[in-house]
There are 2 protein chains.
Amino acid sequence: MNERPLQEPTLLLLTALADEPRHGYGLIQEIDAISQGRVRMRTGTLYGALDRLAQQGLIRVEREEVVDGRARKVYALAEAGRDVLAAETERLRAVVAEAERRLAARRAHAIRPKGALA
Amino acid sequence: MNERPLQEPTLLLLTALADEPRHGYGLIQEIDAISQGRVRMRTGTLYGALDRLAQQGLIRVEREEVVDGRARKVYALAEAGRDVLAAETERLRAVVAEAERRLAARRAHAIRPKGALA
DNA sequence: CCTATATATATCAGCGACCGGCATATGTTG
DNA sequence: CAACATATGCCGGTCGCTGATATATATAGG
């Protein structure tokens, strides 16, 4: 089992599955929406990540279906995945808060161009 | 210039530099504190990252000093690094909020062992 | 009818950040 | 004098992500 912190694509994948099961292509669109168009998940990342996460037990294949003649695999967040996502968001929230606190509390050390006002 | 999202060690590095300049070893301890002991930055990660971030212009070497006969390099967050950190925390805050919203709003689709109550 | 686009899944070479180990050097503590 | 904390640095390996490529079906447009 890998304890390394999640990278953003993985985090977004779990997030996109947090409310209800979705299939691969749907996840790409959902992540596009969540990130307001900033993250366009590549299929290479997606299907590789889905396999990996399934093997780690964080997600699982809920069902396979055919819609309009096209095959789909629907993935669902497993309990372990829910726990990991909850822990990860909790941790990230603390880091984000700390970063913002420090950005606000920065010292006069901050870089200042020569000739800047005293 | 790389537009890829920051990984957590890098994010913590910039965060640790956000309030005031620090030297390498001090950053390890600071990050240990920020993360409440959960992240122990390795020197391999640290010095490689410092070089990389300096080359990207996100941080810079503020000064070099000798304290108690031990040489130090003191790094400071550059303006570009400040901007990147601010943008990154902003983005992460949105993702975290979305993840928590979804975790709370999850459907009955949630995995449920056979025989669980109706 | 043919082509382009959207839907949908999958594989693979390569890159780059991170990990873990090792090396080096000085000051302090037992 | 050994162990530990302080302090910087290199390097091989791992692994998630990128970008390209391939396959297949449904729909819309020329």
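Residue numbers begin at 1 in each chain, while the letters A, B, ... track the order of the sequences. Quick caveat, the model's predicted, so the values are computed rather than measured.
- Within residues 32-51 of chain A, the residues that place at least one heavy atom under 4.0 Å from DNA chain D are, in residue-number order, A/Arg42, A/Thr43, A/Gly44, A/Thr45.
- For residues 40-50 of chain B, the set of pairs meeting the salt bridge (charged side-chain N to carboxylate O under 4.0 Å, His left out) definition, not counting sequence neighbours, comprises B/Asp32-B/Arg40.
- Listed by chain and number, the residues in a salt bridge (Lys or Arg N to Asp or Glu O under 4.0 Å) with A/Glu98 are A/Arg101, A/Arg102 (sequence neighbours excluded).
- Between B/Leu14 atom CG and C/dA17 atom P there is a gap of 13 Å when expressed in whole angstrom units.
- Using a 4.0 Å cut-off on heavy atoms, none of the residues of residues 85-93 of chain A approach DNA chain D.
- When the salt bridge (Lys or Arg N to Asp or Glu O under 4.0 Å) test is applied to B/Arg91, the partners found at least two apart in sequence or on another chain are A/Glu8, B/Glu88.
- Applying the side-chain contact (heavy atoms from CB on, under 4.5 Å) test to A/Val66 and every residue at least two apart in sequence or in another chain returns nothing.
- The bend of the helix from C/dC1-D/dG30 to C/dG30-D/dC1, defined by the angle between the axes of its first five and last five pairs, stands at 10° to the nearest 10°.
- Rounded to whole angstrom, the span from the CG atom of A/Leu13 across to the C1' atom of D/dC17 amounts to 12 Å.
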Please list, pair by pair, any protein nitrogen or oxygen found under 3.5 Å from a nitrogen or oxygen in nucleotides 25-28 of chain D.
from: D/dT25; atom 1: O2; to: A/Arg70; atom 2: NH1; distance (Å): 3.2
from: D/dA26; atom 1: O4'; to: A/Arg70; atom 2: NH1; distance (Å): 3.1

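- Take B/Glu64 and apply the side-chain contact (heavy atoms from CB on, under 4.5 Å) test, not counting sequence neighbours, and it matches B/Val61, B/Lys73.
- With sequence neighbours excluded, the residues that form a salt bridge (Lys or Arg N to Asp or Glu O under 4.0 Å) with A/Glu90 are A/Arg93.
- With sequence neighbours excluded, the residues that form a salt bridge (Lys or Arg N to Asp or Glu O under 4.0 Å) with A/Arg22 are A/Asp19, A/Glu30.
- The side chain of B/Gln29 places an N or O atom within less than 4.0 Å of a non-bridging phosphate oxygen (OP1 or OP2) of D/dT6.
- Close to D/dC17, at under 4.0 Å from its OP1 or OP2, lies a side-chain N or O of A/Arg52.
- For A/Gln36, the side-chain hydrogen bond (donor to acceptor under 3.5 Å, both in side chains) partners are A/Arg38, not counting sequence neighbours.
- Toward the 5′ end of DNA chain D lies the nearest nucleotide of B/Tyr25, the other residue of the pair B/Tyr25 and A/Thr10 mapping further downstream.
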